[in-house]
Amino acid sequence: METLHLSSIFFSLELIFHLAEILNLDHSQTSHMVPKLQEWIQYYFNESSDLADSVIKSRDDKSPVECNPDFWPAVTGLIMTAQCKEARRLLGLHSKKETPAIRTLRQLLHSKPELQSSGGASVAINFSVQWEAWLKEVRNQLISGVFSTNQHCLELAELLAGDNKAEKLVYENSETWYKFLVTYVSYWKPTVESFRLGEIARKSMERFGMDSQMKAVDKILLALFESDLYQVIESLQEFAESGWASLHMTDLLYHAGLLSNVVGQDNKIAENLRTDLIIQFGTLLAANDCVWRTGLSYLDFAGSQGVGHINLILQSRGPKSAKDAEILLYEAGKRNLVKAERTICSVVSRQYLMEKRLGSALMWAIKGENHSLASSVAELVLREMAVNDEYSISDVLPDLGTSIISSGHLVFLVKYNEYLTKYHDGNRKEAVNILIDLITSGLAPPYFIPVLLKKSAQAAKEAVKEFNSTDLSNILGVLEELVVTAHINGTKDANSAVACLEGSEREIREVLAQSICQAEIAELAKM
C-alpha cells in the first residue's frame with residue numbers, strides 16, 4: 001500500500017512538472033499549445049493505445065474484430081487523444097470498412113490537418129485555413145446523412161466537427177477533467193492561446209462538478225492553466241510535505257527568469273524565496289542519517305545562509321566511528337569550513353578519551369588544532385607512561401609535525417619517544433644525550449622525573465662511557481632537588497614522585513655515585 005501511495009504521488013508530480021514545462025518553461029512554443037497538450041495527455045493516459053493493441057492481438061477468424069467489446073472504446077479513446085492515424089488504422093480492420101460511414105470517417109481522419117508545435121504566426125494562419133476547410137467537409141458529410149447507418153461513426157464525426165452534441169461523448173469517456181480539456185481544445189479550440197486555458201480549465205472542472213471537491217493535484221493543475229505560479233508553489237508544499245516538489249518547481253521558475261513574476265517583479269524577494277525553500281528542504285534531508293550528505297549538497301546552493309547551516313550541521317553531527325568522522329571532515333574540507341573541521345576532531349578526540357584510547361584521542365586533538373585538549377591528553381599519556389613502562393603511542397607521535405610547539409607536554413612526550421626509539425635501536429650515544437636533555441632541561445613534569453631517573457641509572461649501568469661526570473652529577477642533583485621539594489613544599493606531584501622512588505632511590509644513588517667515580521677516573525686518564 002505504501003508503494004502504491006508513493007507511486008501515485010510520483011505520477012502526479014510528473015504530470016504537474018510536465019505541464020509546467022509546456023505552459024511556462026518552453027517559451028518558444030507558447031503560441032501553439034494544443035499539440036504539446038495532446039502529447040502530454042497521450043503520455044499519461046495511454047489506455048486507448050493499450051486497448052487498441054489488445055484488440056488487434058485478440059483477432060481471430062471466428063468473428064469480426066468489431067465484435068470485440070473494446071473495439072469502439074479503443075477507437076473513441078484514440079480520437080479523443082488526437083491519435084487519429086492509429087484510430088484510422090484500427091478502423092481499417094473493421095469487416096465493413098468499405099461501407100460509406102466507415103470509409104468516410106477514415107478519409108476524414110486521414111485528411112485532418114495537424115498543427116505543428118513549432119513555428120510562428122504564419123504556421124498558425126495556414127493551419128487555421130486548412131482546419132476550416134476540413135471542418136466544413138466534416139459538417140457537410142454530417143448533413144449528408146452518410147453516418148446515419150452507424151451510430152458509432154455518427155458520434156465520432158460529431159466529435160471531429162466540434163459539435164456540442166459530442167461533449168457528452170467526451171465527458172463519458174474522460175477519466176479526468178483535464179483529459180476532457182485536452183480533447184475539447186483539440187476539436188473545439190485547436191489554436192487556443194495559453195492565456196485562455198484558465199477559463200477553459202474552470203469550465204471543464206464545472207462539467208465534472210469539482211468546484212467544491214478539488215483534490216490537491218486538481219488545484220495545482222488548475223493554477224498552472226491559469227498561470228497562477230505562486231498558487232502552484234504553495235499548493236505543491238501542501239501536496240508533497242517534504243518540500244522537494246515546491247523547491248524544484250521554484251528553482252526551475254527561478255532559472256527560467258519567471259520567479260520574479262510570481263512575487264511582483266522583485267528579484268530580491270524571488271531569490272529569498274528560493275533560498276528559504278532550499279534551506280528548508282536541505283536541513284530536512286540533513287536530519288536523516290541516510291541522505292544527510294545530499295542535504296548538504298542542496299544547502300550549497302543557498303549562498304551564505306546555506307554555508308552557515310552546513311557549518312552547524314557538521315558540528316552537531318556526532319560521528320559514531322572514525323569513518324564517520326573522516327566523511328564529516330571531507331565534507332567540511334571541500335567547503336573550507338575550518339571551524340567545523342576543528343570541532344569534529346575535538347568531538348572525536350573526546351570520544352576516544354572516554355574510551356581510554358589516549359593515543360587516538362591525542363591524534364584527533366592535534367588534527368583539530370585543539371591545543372588545550374592536546375596538552376591535556378598528552379599529560380594523561382605521560383601519567384600512564386609513568387606508571388606503565390610498557391605503554392606506548394609511538395604509532396601516533398610521528399604524525400605530530402609542527403603541532404608539538406603548542407604544548408610543553410607534547411614537546412616532552414615527543415622527545416621522550418625519540419629517546420626510547422634511539423635506545424631500542426641501539427643508538428646509545430644519541431639516546432643518552434636526549435635523556436640528559438630531558439632530565440636537566442626542566443621540561444619533565446615532577447611525576448615523570450622518577451621514570452627519567454630510573455632510565456638514567458639503567459643507562460649508566462649499561463653504558464657509563466656515554467656519560468661524563470658533570471651530566472651524572474646534574475642527574476644526581478635532580479634527584480636531590482626532587483626529594484627536598486617533596487619534604488619542604490609537600491606538593492602532590494612531588495610526594496607522588498618520591499613515593500614512586502621508594503625501594504629504588506638508594507639503588508639510583510649508588511649507581512649514579514659509582515658512575516660519577518668511573519666517569520671522573522676515565523676523564524683523568526684522558527688528561
Side-chain angles (χ1 to χ4, degrees), residues 1-30 32-51 53 77-78 80-83 117 173-186 194 197-198 200-201 204-205 208 210 214-256 258-259 262 274 277-278 280-282 284-285 291 294 297-298 301:
M1 291 302 294
E2 179 68 12
T3 302
L4 288 174
H5 175 64
L6 293 174
S7 297
S8 175
I9 292 176
F10 179 78
F11 173 84
S12 299
L13 289 176
E14 191 177 12
L15 188 75
I16 291 164
F17 273 78
H18 194 171
L19 184 61
E21 178 187 357
I22 293 168
L23 298 179
N24 301 107
L25 303 177
D26 203 349
H27 297 296
S28 63
Q29 299 167 19
T30 51
H32 302 162
M33 284 290 131
V34 174
K36 285 293 179 181
L37 290 175
Q38 290 169 348
E39 291 179 13
W40 175 65
I41 213 69
Q42 289 167 14
Y43 185 81
Y44 295 102
F45 295 90
N46 59 356
E47 295 86 352
S48 300
S49 296
D50 293 340
L51 206 58
D53 290 340
L78 290 170
M80 282 179 55
T81 54
Q83 300 178 78
S117 58
N173 288 276
S174 296
E175 300 94 318
T176 64
W177 64 268
Y178 38 91
K179 184 177 179 181
F180 177 91
L181 177 149
V182 174
T183 303
Y184 181 84
V185 296
S186 294
S194 59
L197 288 173
I200 298 172
S204 299
M205 293 187 76
F208 277 71
M210 298 187 64
M214 276 197 295
K215 295 180 180 179
V217 176
D218 300 311
K219 191 175 181 181
I220 296 168
L221 292 175
L222 176 62
L224 282 170
F225 282 119
E226 292 183 328
S227 297
D228 188 351
L229 299 179
Y230 186 82
Q231 182 63 53
V232 171
I233 295 170
E234 188 175 50
S235 298
L236 277 172
Q237 281 187 299
E238 297 172 4
F239 175 65
E241 295 180 358
S242 70
W244 180 93
S246 57
L247 166 59
H248 280 273
M249 180 64 74
T250 302
D251 193 57
L252 284 171
L253 295 174
Y254 174 79
H255 288 292
L258 299 174
L259 191 58
V262 178
R274 174 177 174 268
L277 290 176
I278 290 174
Q280 287 178 27
F281 187 61
L284 177 68
L285 292 182
V291 293
T294 305
S297 298
Y298 273 91
F301 292 92

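The aromatic rings of Phe17 and Trp244 sit tilted, their planes meeting at an angle between 30° and 60°. Using the six-membered ring where Trp is involved, Phe281 and His248 have ring planes that are perpendicular, over 60° apart on the 30 and 60° scheme.
Leu253 contributes atom CG, which lies 6.0 Å from atom CG of Leu25 (distance to the nearest 0.5 angstrom). A distance of 12.0 Å separates NZ in Lys215 from CG in Leu221, rounded to the nearest 0.5 Å. Atom-to-atom distance recorded for Leu224:CG and His18:NE2 is 12.0 Å, nearest 0.5 angstrom. Atom NZ in Lys219 sits 5.0 Å away from atom CD in Gln231 (nearest 0.5 Å).
Taking every heavy atom of both residues into account, Met80 and Thr183 meet most closely at O-OG1, 2.9 Å. Closest approach of Met205 and Leu222 over heavy atoms only: SD-CD2, 3.7 Å. In terms of heavy-atom proximity, Leu181 sits nearest to Leu197 at CD1-O, 4.3 Å. Across all non-hydrogen atoms, the minimal contact from Phe239 to Ser12 is CZ-CB, 3.7 Å. Closest approach of Ile278 and Phe301 over heavy atoms only: CD1-O, 3.5 Å. When all heavy atoms are compared, the tightest approach of Ile22 to Met33 is O-CE, 3.7 Å.
Checking Gln83 against Ser48 by side-chain atom types alone, no donor-acceptor pair falls below 3.5 Å. With 3.5 Å as the limit, one finds a donor-acceptor pair spanning the side chains of Ser186 and Gln38.
Taking 4.5 Å as the limit, every side-chain heavy atom of Thr176 sits out of range of all side-chain heavy atoms of Phe208. Within the 4.5 Å cutoff, side-chain heavy atoms of Thr3 are placed close to those of Ser7. Annotation: side chain of Met249 is not in contact with side chain of Leu229 (no heavy-atom distance under 4.5 Å). Counting heavy atoms from C-beta on, the side chains of Ile233 and Leu259 come closer than 4.5 Å.
For the ring pair (Phe, Tyr, Trp, His ring centres under 6.0 Å) test, no residue two or more places apart in sequence or in another chain qualifies with Tyr254. Not a single side-chain hydrogen bond (donor to acceptor under 3.5 Å, both in side chains) links Tyr184 to another residue, sequence neighbours left out. When the salt bridge (charged side-chain N to carboxylate O under 4.0 Å, His left out) test is applied to Asp251, the partners found at least two apart in sequence or on another chain are Arg274.
With hydrogens and angles ignored, the 3.5 Å screen pairs no side-chain donor or acceptor of Asn24 with any backbone N or O of Glu21. A donor-acceptor contact shorter than 3.5 Å links the side chain of Trp40 to the backbone of Leu15. Under a 3.5 Å cut-off, the side chain of Asn46 and the backbone N or O of Ser49 do not form any donor-acceptor pair.
Here the rule is side chain to side chain contact (heavy atoms under 4.5 Å, CB included) with Ser204, and of Tyr178, Phe225, Phe180 only Phe180 fits it. Each of Leu37, Thr81, Leu78 was compared with Gln42 under the side chain to side chain contact (heavy atoms under 4.5 Å, CB included) criterion, and only Thr81 meets it.
Annotation: Phe10, atom CZ; neighbour count of heavy atoms from other residues, nucleotides and ligands within 6.0 Å does not exceed 12.
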- [ ] Take Gln237 and Gln280 through the test side-chain contact (heavy atoms from CB on, under 4.5 Å) and record every step on the way to the result.
- [x] CA-CA 11 Å; Gln237 281 187 299; Gln280 287 178 27; 3.9 Å; yes

